[in-house]
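Take a look at the structure below.
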Amino acid sequence: MKEIPFFCAFEGIDGCGSTTHAKLLKGFLTNLGFKVHLTREPSDSEIGHLLRKFLSDNSIPPTTDALLFAADRDYHYHVEIKKKLEEGYIVISDRYVESSIVYQSLQIPEISVKWVAEINKFVGKPDLTIVLDIDPKISLERKRGEPLEKFEDISFLIKVRQLYLERAKNEGYEIINTNDIIELVQEKIQQIVLKKLESVGVDIQTQKFG
Ligand code: TYD
């Protein structure tokens with residue numbers, strides 16, 4: 001098994017399918033013989049647990065959320081992601097810095113993209129960021145029956161989607177539409193990841209049998 005430090009982040013609005021696709025990608029890359037570590041944000045640390053609790057609490061000031069998401073990420077990167085990359089894992093994160101930039105900067109005018117980027121500047125950048133794009137009407141439909149969390153509101157998610165797409169174009173992130181059936185979407189994701197791995201010098205064939 002070859003050791004390839006490679007960091008891939010999934011982004012997108014609530015209900016875009018990032019959790020499903022991150023898991024499927026992990027399975028695909030593991031079958032190819034890579035060491036793969038799957039993780040998520042909010043993370044599984046104590047700060048992450050607190051953040052998940054806060055997702056159903058509308059009284060939390062948005063600035064508190066922004067600072068906690070940044071703290072959670074800082075801890076997550078330095079204690080978990082960086083270590084796994086150093087051990088030669090491909091790390092897949094279900095959400096990362098872009099979630100904070102997009103969600104937190106849209107909460108109140110006082111929170112700017114620049115400030116969110118600033119408080120998140122001590123963590124490593126992903127080698128690949130994939131934005132899963134979907135109409136919020138469809139994504140919220142997928143959540144029917146579940147209690148809604150504080151960001152799961154159609155007019156807010158329309159703005160979130162818009163900013164994700166804008167930033168993806170400016171920052172060179174991959175955008176994948178997830179209206180198609182899961183298998184087709186996953187196939188597109190796999191192709192993008194393999195192309196990116198090859199572009200950084202990974203020999204997929206050798207990897208498969210190595
Ligand atoms: P989500 O992926 O929806 O988790 P789950 O499917 O387990 O409920 O993420 C939780 C929410 O947190 C989502 O609404 C986006 C929000 N979020 C932020 O606002 N900022 C962040 O930095 C992160 C990581 C998530």
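One-based numbering, in listed order, for ligands and for the atoms of each.
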So Phe151 and Phe69, would you call those rings parallel, tilted or perpendicular, with 30° and 60° as cut-offs? tilted
Would you say Ser18 has any N or O atom under 3.5 Å from an N or O of ligand 1, going by distance alone? no
Considering non-hydrogen atoms of the protein only, which is the closest contact for atom 6 (O) of ligand 1, and what is the distance? Lys143 NZ, 4.1 Å
Could you see which bit of Leu51 sits under 4.0 Å from ligand 1, with heavy atoms only: side chain, backbone, both or neither? neither
Residue, atom name and distance, where the atom is the protein heavy atom closest to atom 8 (O) of ligand 1: Glu149 OE1, 3.4 Å
Just say parallel, tilted or perpendicular for the rings of Phe156 and Tyr103, cut-offs at 30° and 60°. tilted
For ligand 1, which atoms sit closer than 4.0 Å to a heavy atom of Ser99? 20 (N), 21 (C), 22 (O), 23 (C), 24 (C)
Side chains of Ser139 and Asp14: is there a donor and an acceptor less than 3.5 Å apart? no
Ion pair Glu198/Lys195, N-O distance below 4.0 Å: no
Of all the non-hydrogen atoms in the protein, which one sits nearest to atom 14 (O) of ligand 1, and at what distance? Asp14 OD2, 2.7 Å
Name the closest protein heavy atom to atom 7 (O) of ligand 1, giving the residue it belongs to and the distance to 0.1 Å. Arg52 NH1, 3.1 Å
Counting from 1 in the order shown, the ligand 1 atoms closer than 4.0 Å to a non-hydrogen atom of Glu41 are 24 (C)
Could you verify whether a donor N or O on one side chain and an acceptor N or O on the other, from Glu11 and Tyr164, lie under 3.5 Å apart? yes
Could you identify the single nearest non-hydrogen protein atom to atom 1 (P) of ligand 1 and state the distance to 0.1 Å? Arg95 NE, 3.5 Å
Atom 18 (C) of ligand 1 - nearest protein heavy atom and its distance: Phe69 CZ, 3.3 Å
Polar proximity ligand 1 side, Arg73 side, N/O cut 3.5 Å exclusive: yes
For Thr19 and ligand 1, does the shortest N/O to N/O distance drop below 3.5 Å? no
Ring centroid separation for Tyr96 and Phe7, is it under 6.0 angstrom? yes
Using a plain distance cutoff, I'd like to know if Gln104 has any nitrogen or oxygen under 3.5 Å from a nitrogen or oxygen of ligand 1. yes
Would you say Ser100 has any N or O atom under 3.5 Å from an N or O of ligand 1, going by distance alone? yes
Which of these, Ile90, Val91, Val36, Thr39, sits in a side chain to side chain contact (heavy atoms under 4.5 Å, CB included) with Lys84? Val91
Is Lys82 positioned over the aromatic face of Tyr77, cation under 6.0 angstrom from the ring centre and no more than 45 degrees off axis? no
Please step through side-chain contact (heavy atoms from CB on, under 4.5 Å) for the pair Ile176 and His21, ending with a clear verdict. CA-CA 11 Å; Ile176 297 186; His21 285 294; over 6 Å; no
The one among Phe156, Tyr96, Tyr103 that brings a heavy atom closest to atom 15 (C) of ligand 1: Tyr103
Give the residue and atom name of whichever protein heavy atom lies nearest to atom 12 (O) of ligand 1, and the separation in Å to one decimal. Leu55 CD2, 3.6 Å
Would you please say whether a donor-acceptor pair under 3.5 Å links the side chains of Ser43 and Glu80? no
